[in-house]
Amino acid sequence: MTIWTDVTSALATLVRPVGFEVLGAVDVGAYNRTLEPEHEGFRLPEVRDERDLVLVIGNTRRLWPLFLEAYATTKLRSEAHPLDAYSRLRIGAAVSRLASELGLRHALRYSFDPAPRGVAISRLATLSGIGEASPVGLCIHPEYGPWFSLRAAVVFDVEGPAPRAAAPTCSACSTRPCLAAREEVLKTCGGVFDRPTFLAHWQTWLAMRDACPIGKAARYSELQIRYHYLKDRAILDDAVAALPEP
């Protein structure tokens, strides 16, 4: 009988070498029951029933050089969203391989997909014990703080664990500097949160992330930060041009 810890360990073995080292586990029903009716588009499918295992997959700064190498040497340059394409390719291949090897049914969703194939990924990560929900809406990892990204959720027809709490981060923080940083975001953006306004004030949003005292050593490189916030292909081209000759 396959158990959820075996599935989690096996998937970690497959996705870590390609840059995805953050994993969390919970049963899919626990997540689906948190969704309000207006968020039904983010409901995860039950492959068997509500006890199915759902694994959350994410990355730290360690992904960046692996992604750049792939961008420089594969067809990712032709993709509209290269990092999303890299995530879809690598995670999808690992999940398909594992499901085939273990004879498991599965359903895969990505954080960058819109409803009805999307997922409330931060909420799912919090339920899985990856991190705590911060007062400003970020999921805070005990080691990486806000410096990780959540990429995908995969449901397997194996019984998953109940929700669990992460090690205290936000709940143990007495100063909460992120709240003052959020006030600056609200002031600067004037309550407007569309893409053009975000691009005009992205460094103010970055300051809200930087305000967290957890995970300073895990902060992304400057190029990685700029690309995550701006999605400018020229940043990738400059980063690849700066790579050492093989």
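The shortest distance between side-chain heavy atoms of R195 and K231 falls below 4.5 Å. Within the 4.5 Å cutoff, no side-chain heavy atoms of L138 are placed close to those of C212. Counting only heavy atoms from C-beta outward, the side chains of L44 and D52 never approach each other to under 4.5 Å. Side chains of L23 and R16 form no contact here, defined as non-hydrogen atoms less than 4.5 Å apart. The closest side-chain heavy-atom distance from E183 to L179 is not below 4.5 Å. Between W202 and I225, some side-chain heavy-atom pair lies under the 4.5 Å cut-off. Side-chain contact check for N32 versus E46: some heavy-atom pair is nearer than 4.5 Å.
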>> Quick one, R77 with V240, criterion side chain to side chain contact (heavy atoms under 4.5 Å, CB included). Give me CA distance, side-chain angles, the key distance, then yes/no.
In response: CA-CA 11 Å; R77 284 180 182 266; V240 166; 3.3 Å; yes

> Which is it for L66 and V18 under the side chain to side chain contact (heavy atoms under 4.5 Å, CB included) test, yes or no, and what are the steps along the way?
Replying inline: CA-CA 7 Å; L66 298 170; V18 291; 5.6 Å; no

> Can you check side chain to side chain contact (heavy atoms under 4.5 Å, CB included) on F193 and W205, steps first, answer last?
Replying inline: CA-CA 11 Å; F193 301 113; W205 286 89; 3.5 Å; yes

> Are I3 and E159 close enough, and set up right, to give a side chain to side chain contact (heavy atoms under 4.5 Å, CB included), and what steps lead you there?
Replying inline: CA-CA 7 Å; I3 59 175; E159 186 171 337; over 6 Å; no

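A donor-acceptor distance shorter than 3.5 angstrom exists from the side chain of T34 to the backbone of Y31, with no hydrogens or angles considered. Remark: the backbone N or O of K75 is paired with a side-chain donor or acceptor of S78 at under 3.5 angstrom. Panel note: side chain S96, backbone A93; no donor-acceptor pair is recorded below 3.5 Å.
Between Y229 and F198, the ring planes lie parallel to each other; the angle is under 30°, not in the 30° to 60° tilted range. Ring geometry for F67 against Y71 counts as tilted: the plane angle lies between 30° and 60°, on a 0 to 90° scale.
For NZ of K216, the number of neighbouring non-hydrogen atoms (other residues, nucleotides, ligands) closer than 6.0 Å is greater than 12. Atom CZ of R226 sits in a sparse spot, with 12 or fewer heavy atoms from other residues, nucleotides or ligands closer than 6.0 Å. Atom CZ of R97 has 12 or fewer heavy atoms from other residues, nucleotides or ligands within 6.0 Å.
We find the CD-CG distance between E50 and D27 to be 7.0 Å, quoted to the nearest 0.5 Å. If you take OG on S134 and CZ on R176, they are separated by 9.0 Å, rounding to the nearest 0.5 Å. Atom CG in L102 sits 8.0 Å away from atom CZ in F156 (nearest 0.5 Å). Atom CD of residue E21 and atom CG of residue L63 lie 9.0 Å apart, to the nearest 0.5 angstrom. Separating the CZ atom in R117 from the CZ atom in F42 is a distance of 13.0 Å, to the nearest 0.5 Å. Between the CG atom in L83 and the CH2 atom in W64 there is a gap of 7.5 Å [rounded to 0.5 Å].
A salt bridge (Lys or Arg N to Asp or Glu O under 4.0 Å) check over residues 200-212, counting only residues at least two apart or in different chains, returns the pairs D210-R219.
Checked for salt-bridge contact, D113 and R88 meet the test: a charged N lies under 4.0 Å from a carboxylate O.
The heavy-atom pair separating A30 from V26 by the smallest distance is CB-CG2, 4.2 Å.
Aromatic rings from H81 and F112 are positioned such that their centres are separated by 6.0 Å or more.
Cluster membership for L55 and L150, using ILVMFWY side-chain heavy atoms within less than 4.5 angstrom, is not shared. M208 and L186 end up in the same hydrophobic cluster when Ile, Leu, Val, Met, Phe, Trp and Tyr side chains are linked at under 4.5 Å. No path of Ile, Leu, Val, Met, Phe, Trp and Tyr side chains, each step under 4.5 Å between heavy atoms, connects V154 with F148, placing them in separate hydrophobic clusters.
Under 3.5 Å, the side chains of T204 and E184 contain no donor-acceptor pair of N or O atoms.
For the side-chain hydrogen bond (donor to acceptor under 3.5 Å, both in side chains) with D157, the qualifying choice from R51, R48, R105 is R105, the only one to do so.
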